[in-house]
Amino acid sequence: MSKSVVVFLADGCEPLEVVAPTDVLRRGGVEVVLASIKDDLAIRAAHGVTLVADAPLSALDLTGFAMAVVPGGSVGVDNLGKNARVMAELARRMEAGEHVAAICAGPMLLARAGLLSGRAATCYPSCEEGWPADVYQAAADVFVDENLITATGPGTALPFGIQLLRTLEGDETADEVAAGMLVK
């Protein structure tokens, strides 16, 4: 059975940080479910882009997913942070050592919930304000710390997706997809 990933969607999310990793993962044979935090599947992403989710979050059993992904976009991250189920799932996954991935402003949710203490992560520059000491990895575009994968922003959305695929399906699959997309 193929692995599956849930990507949390909220109005104001950064569309490139949703679409690029989703595309990479699906090319690698991973099932991706775009989960709207509202019952409406139409998501008004940043920059006037409309995305259509696969399912409302309320209809999903989150325990079966191999990974949960938090895209950035400051408005989207703020909206995700107001959703108790998203925040509870991120805390559960971090405490259980299950895969969590966040890009751009997304890691701020983990920091706000106190889930980055003793960890290492990256994010969009300036989003690390208020993080615990020694967590922020300024020199890394994509950073892996055990079960936690983080990236800096829209420009790293494809390498972020490749790393998610590498984590779930291994080097061979990730390298094959990357070569087909001309991603280094």
Side-chain angles (χ1 to χ4, degrees), residues 2-37 41 43 45-46 49 51-57 60-81 83 85-94 96-113 115-116 119 121-124 127 141-169 173-174 177 183:
S2 107
K3 293 185 174 101
S4 61
V5 170
V6 62
V7 179
F8 298 125
L9 297 185
D11 288 337
C13 65
E14 172 56 54
L16 188 57
E17 296 167 359
V18 172
V19 174
T22 297
D23 183 79
V24 168
L25 288 165
R26 288 182 176 169
R27 286 175 191 245
V30 175
E31 177 189 1
V32 178
V33 176
L34 303 176
S36 172
I37 64 166
L41 298 182
I43 301 296
V49 174
L51 301 172
V52 179
D54 299 311
L57 179 62
L60 298 174
D61 173 6
L62 298 175
T63 60
F65 290 99
M67 181 181 288
V69 179
V70 178
S74 60
V75 172
V77 167
D78 287 345
N79 287 330
L80 288 175
N83 185 284
R85 186 153 185 234
V86 167
M87 296 308 293
E89 180 63 10
L90 293 174
R92 184 194 71 74
R93 286 180 168 277
M94 289 296 288
E98 295 178 17
H99 292 297
V100 172
I103 184 170
C104 194
M108 289 174 28
L109 288 183
L110 303 172
R112 289 177 190 161
L115 300 172
L116 291 182
R119 303 305 299 263
T122 194
C123 64
Y124 192 81
C127 289
D141 287 337
V142 178
F143 195 84
V144 179
D145 179 15
E146 298 175 14
N147 63 310
L148 177 62
I149 304 165
T150 54
T152 57
T156 62
L158 280 174
F160 177 65
I162 295 295
Q163 181 57 58
L164 302 184
L165 184 59
R166 187 174 307 286
T167 297
L168 294 173
E169 296 294 336
T173 300
V177 170
V183 178

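Numbers here simply count residues along the sequence, with the first being 1.
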Ignoring hydrogens and geometry, is there a side-chain-to-backbone donor-acceptor pair from [X] to [Y] under 3.5 Å?
X: Thr150; Y: Thr122; result: yes
X: Glu17; Y: Gly72; result: yes
X: Asp145; Y: Arg119; result: no

Just verifying a value: how many Å separate [X] [atom1] and [Y] [atom2], rounded to the nearest 0.5 Å?
X: Lys3; Y: Met67; atom1: NZ; atom2: CE; result: 9.5 Å
X: Thr22; Y: Leu34; atom1: OG1; atom2: CG; result: 4.5 Å
X: Leu148; Y: Phe143; atom1: CG; atom2: CZ; result: 9.0 Å
X: Glu31; Y: Arg26; atom1: CD; atom2: CZ; result: 8.5 Å
X: Leu9; Y: Leu41; atom1: CG; atom2: CG; result: 10.0 Å
X: Ile103; Y: Leu16; atom1: CD1; atom2: CG; result: 7.5 Å

Determine, stepwise, if the pair Phe8 / Leu109 fulfils side chain to side chain contact (heavy atoms under 4.5 Å, CB included).
-> CA-CA 12 Å; Phe8 298 125; Leu109 288 183; over 6 Å; no

Mind running side chain to side chain contact (heavy atoms under 4.5 Å, CB included) on Val177 and Glu169 for me, showing each step along the way?
-> CA-CA 11 Å; Val177 170; Glu169 296 294 336; over 6 Å; no

Can you tell if the side chain of [X] reaches within under 4.5 Å of the side chain of [Y], non-hydrogen atoms only?
X: Leu164; Y: Val5; value: no
X: Leu165; Y: Val30; value: yes
X: Val7; Y: Pro71; value: yes
X: His99; Y: Leu168; value: yes

Could you walk me through whether Val49 and Val19 pass side chain to side chain contact (heavy atoms under 4.5 Å, CB included), step by step?
-> CA-CA 11 Å; Val49 174; Val19 174; over 6 Å; no

Using 4.0 Å as the upper bound for N to carboxylate O, is an ion pair formed by Glu89 and Arg85?
-> no

Just do the side chain to side chain contact (heavy atoms under 4.5 Å, CB included) check on Val77 and Cys127 with the steps written out, would you?
-> CA-CA 11 Å; Val77 167; Cys127 289; over 6 Å; no

Shortest non-hydrogen contact between Tyr124 and Gly153, atoms and distance |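 Here Tyr124 and Gly153 meet closest at CD1-CA, 4.4 Å.
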
